[in-house]
Amino acid sequence: MQLFDVAIVGGGPAGSSCAAFCAMAGLQPLVIDREKFPREKVCGDCLNPSCWPILERLGLAEKVRDLPHSKLCSVAFIAIDGREVTLDLPSVADCEISVKRSLFDDLLIRRARELGADVREQITVTGLSRNGDWKIETASGQVFHARMLIGADGRNSTVAHFCNLLPRPARERVALQAHIPLPRGFGNRIVLQFLREGYSGQAPVNETQLNLCLVGTPPTISNLRRWAERQFHLSADQGWRTITPLTRSSVPSAHENLFFIGDAARVVEPFTGEGIYYAMRSGELAANAIAKIFRGDDRKAVLNEFRRAYARMYRGRLWINRLARTAVVRPQLGSFFVHAARVNPGILKLLTTKIVSPDICHSE
Ligand SMILES: Cc1cc2nc3c(=O)[nH]c(=O)nc-3n(C[C@H](O)[C@H](O)[C@H](O)COP(=O)(O)OP(=O)(O)OC[C@H]3O[C@@H](n4cnc5c(N)ncnc54)[C@H](O)[C@@H]3O)c2cc1C
C-alpha cells in the first residue's frame with residue numbers, strides 16, 4: 001500500500017499549484033481529478049495581475065505568456081439602458097490577460113506532474129475515512145492513502161461534504177458560459193454589462209473567440225440566454241457550460257491534517273475576476289504549511305501562521321467583493337453606479353485599480 005504525503009482532491013488552479021509547491025518542497029503529492037485535462041471550466045478566463053508572481057515562483061510565467069491569450073487594456077461597464085463607462089487597465093508587462101482555462105489549467109497540472117506529483121485523472125472521489133491516515137475511495141474502486149488531505153475540489157466540494165463541513169448552498173444564482181466567435185471590432189477589453197435580470201461578462205480569449213458569461217437566477221437564466229442569442233447572433237442550440245451556486249458561506253481552511261483551498265474554502269463573486277488568484281495563492285500557502293509540518297515544526301504554530309496568512313490574502317478585499325455582489329444581485333443598483341461613474345469616474349476607477357493592481361500579492 002502506497003502512503004502519499006498529501007492527497008489533493010481537485011486539479012484546478014488551487015490543487016495543481018498546491019501539488020507543485022508541495023513537490024518543490026520535497027513532498028510526495030497525489031492529485032485526483034474527475035476530469036481529463038485539458039478541460040474547460042465555467043469561468044470568465046481573466047487572469048488577475050496578482051497571479052504573475054505566483055506563476056513566476058512556479059516557473060510558469062513565460063509559458064503562460066506563450067499561450068494564446070488577449071492582453072486586456074480596458075474594462076467597460078454597461079448599464080441596463082446601454083450607457084457605458086470605460087476605464088483603462090494598467091498597461092504594464094504583467095497586466096490582466098484572458099486565457100482559456102483548458103490551456104491554463106492544463107499547463108498548471110502538467111507542471112505539477114513534471115515536478116513529481118502523481119496526477120490521476122478521470123477519477124471521482126466518492127468516500128473518505130480517517131484512521132490516523134486518510135483513506136480515499138473513488139468511483140473506479142481504487143483506494144488511496146495519504147497522511148494529509150486537501151480539498152481543492154471547487155465550490156461544491158465533495159471533501160467538505162464528506163467531512164460535514166459543506167454549507168447549504170444558496171441556490172440563488174446560476175452562471176452559463178460559452179466560447180463564441182469574437183464579434184468584429186470587439187477590442188481588447190472586458191465588458192461587464194448589467195441586464196434587467198442579471199449580468200453578462202465578456203472578454204476575448206484569443207484572436208477569434210470571445211468568452212461569454214451570463215449570470216442570473218434559475219427562473220430568469222433562459223431570458224438571459226435569449227438575450228445573448230440575439231446580441232451575438234447565436235443559434236438556439238448553442239452549447240453552454242453551467243455552474244451553481246455563485247454564493248455560499250466559507251469553509252474553515254485549516255484543520256488537523258486537512259486543508260481547504262480555492263473555491264472549496266471560499267467562493268468569491270465572479271464579477272471581480274479574482275478567483276484564480278485566491279485559488280493559486282491559497283494552494284501555495286497550504287503547501288508551505290504542510291512542508292513545515294512534515295519538517296517537524298510545531299503544528300499548532302504552523303496552523304496559526306497559515307490562518308493569519310490566509311486571512312491576510314483577503315484583507316481589505318472582501319468588502320469590494322461584497323459591494324460587487326450587492327451591485328450584481330440588484331442590476332438597477334449596478335446601473336446606478338455606472339451612471340454615477342459617467343459623471344465622476346473616481347470611485348469606480350479606485351475599485352477597479354484595487355482589483356487589478358499587480359501589487360496585491362503578498363509573498364512570504
Ligand atoms: C461565471 C464565473 C466567472 C468567473 N470568472 C473568473 C475570472 O474571470 N477570473 C478569475 O480569476 N476567476 C473567475 N471565476 C472564479 C474561478 O473560476 C474559480 O475561483 C477557480 O476556478 C477556483 O479554482 P479551484 O482550483 O479552487 O476550483 P476549480 O477550478 O473548480 O477546480 C476544482 C477541480 O476539482 C475537480 N473535482 C470536483 N469534485 C471532484 C471529485 N469528487 N473527485 C475528483 N475531482 C473533483 C473538478 O473536476 C475540478 O477540476 C469565475 C467563476 C464563475 C462561476
Side-chain angles (χ1 to χ4, degrees), residues 7-19 30-51 72 75 96-102 104-106 108-109 119-128 136-140 144 150-162 166 173-178 190 192 198-203 205 211-216 221 240-247 251 253 260-283 286 321 328 355-356:
I8 301 167
V9 182
S16 301
S17 303
C18 187
L30 163 75
V31 181
I32 304 171
D33 200 292
R34 64 182 173 200
E35 301 277 351
K36 168 112 186 97
F37 289 79
R39 54 105 180 90
E40 284 303 343
K41 161 89 190 46
V42 177
C43 186
D45 293 339
C46 293
L47 204 60
N48 191 284
S50 48
C51 294
L72 299 167
V75 52
E96 174 116 1
I97 67 163
S98 50
V99 54
K100 286 175 93 170
R101 289 288 298 271
S102 49
F104 182 74
D105 289 19
D106 190 47
L108 282 180
I109 203 151
V119 178
R120 310 289 180 100
E121 298 173 56
Q122 292 180 294
I123 294 188
T124 303
V125 170
T126 53
L128 291 174
I136 300 138
E137 291 166 52
T138 68
S140 62
F144 299 96
I150 310 259
D153 48 347
R155 59 191 64 219
N156 294 303
S157 171
T158 305
V159 176
H161 171 71
F162 285 129
L166 190 65
R173 286 179 299 158
V174 56
L176 299 183
Q177 185 251 6
I190 305 171
L192 293 170
Y199 72 93
S200 165
Q202 304 141 32
V205 285
N211 177 308
L212 173 60
C213 288
L214 305 173
V215 176
I221 198 73
W240 297 90
R241 285 173 278 276
T242 181
I243 200 162
T244 193
L246 296 207
T247 313
V251 169
S253 185
F260 290 95
I261 56 176
D263 277 7
R266 183 187 281 279
V267 172
V268 293
E269 179 59 42
F271 196 77
T272 59
E274 294 177 298
I276 298 172
Y277 162 68
Y278 294 128
M280 292 174 63
R281 178 66 181 143
S282 59
N321 195 62
V328 297
I355 289 169
V356 299

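Whatever order the structure lists ligands and atoms in, that order sets their numbers, starting from 1. Any value given below was found using the heavy atoms of this structure, including those in side chains, with hydrogens, waters and symmetry copies removed.
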Report yes if some heavy atom in the side chain of [X] is under 4.5 Å from a heavy atom in the side chain of [Y]; otherwise report no.
| X | Y | answer |
| --- | --- | --- |
| I276 | C43 | yes |
| P270 | Y199 | yes |
| L192 | V75 | yes |

**Minimal non-hydrogen separation, P38 against S102, with atom names** = CB-O, 3.4 Å
**Fill in**
Tightest non-hydrogen contact, residues C46 and L72, listed as SG-CD1, 3.9 Å
**Complete:** Distance col, row S200:OG vs L214:CG, nearest 0.5 angstrom, shows 5.0 Å
**Asked** Hey, what do you get for CG (D33) to CG (D153), rounding to the nearest 0.5 Å?
**Response** 9.0 Å
[atom] - nearest protein heavy atom and its distance:
| atom | value |
| --- | --- |
| atom 1 (C) of ligand 1 | A175 CB, 3.6 Å |
| atom 28 (P) of ligand 1 | K41 CE, 3.6 Å |
| atom 25 (O) of ligand 1 | A14 N, 2.9 Å |
| atom 32 (C) of ligand 1 | A152 O, 3.5 Å |
| atom 4 (C) of ligand 1 | G44 N, 3.2 Å |
| atom 50 (C) of ligand 1 | P270 CB, 3.9 Å |
| atom 14 (N) of ligand 1 | C43 SG, 3.8 Å |
| atom 29 (O) of ligand 1 | R101 NH2, 3.0 Å |

For ligand 1, find out whether one of its N or O atoms is nearer than 3.5 Å to an N or O atom of [X].
| X | answer |
| --- | --- |
| Y277 | no |
| E35 | no |
| I276 | yes |
| I261 | no |
| A264 | no |
| P13 | yes |

**Item:** Residue pair Q177, W240: steps toward the side chain to side chain contact (heavy atoms under 4.5 Å, CB included) verdict
**Value:** CA-CA 5 Å; Q177 185 251 6; W240 297 90; 5.6 Å; no
Ligand-side contact atoms (ligand 1) for residue partner [X], heavy atom cut-off under 4.0 Å:
| X | result |
| --- | --- |
| D263 | 18 (C), 19 (O), 20 (C), 22 (C), 26 (O) |
| A279 | 22 (C), 23 (O), 26 (O) |
| G262 | 26 (O) |
| I243 | 53 (C) |
| C46 | 7 (C), 8 (O), 9 (N), 10 (C), 11 (O) |
| G10 | 33 (C), 34 (O), 35 (C) |
| G273 | 7 (C), 9 (N), 10 (C), 11 (O) |
| T124 | 41 (N), 42 (N) |

Can you tell me if [X] uses its side chain to pair, donor with acceptor, with the backbone of [Y] under 3.5 Å?
| X | Y | result |
| --- | --- | --- |
| S16 | P13 | no |
| S253 | F260 | yes |
| R101 | V42 | no |

**Derivation of the salt bridge (charged side-chain N to carboxylate O under 4.0 Å, His left out) call for E269 and R173** = CA-CA 11 Å; E269 179 59 42; R173 286 179 299 158; 2.8 Å; yes
**Full working for side chain to side chain contact (heavy atoms under 4.5 Å, CB included) between F144 and R120** = CA-CA 11 Å; F144 299 96; R120 310 289 180 100; 3.3 Å; yes
**Message:** Tell me whether ligand 1 is touched by Q177 - counting only heavy atoms on the residue side and a distance under 4.0 Å.
**Reply:** no
**N48 near ligand 1 by a heavy-atom separation under 4.0 Å** = no
**Request:** Quick one: look at I123 and ligand 1, take heavy-atom pairs under 4.0 Å, and tell me if it's side chain, backbone, both or neither.
**Result:** backbone
**Region of T158 that comes within reach of ligand 1 [heavy atoms, distance under 4.0 Å]** = side chain
**Asked** Looking just at side-chain N and O atoms, do E137 and T126 make a donor-acceptor pair shorter than 3.5 Å?
**Response** no
**Request:** Answer yes or no: is there an ion pair linking D105 with R39, defined by an N-O contact shorter than 4.0 Å?
**Result:** yes
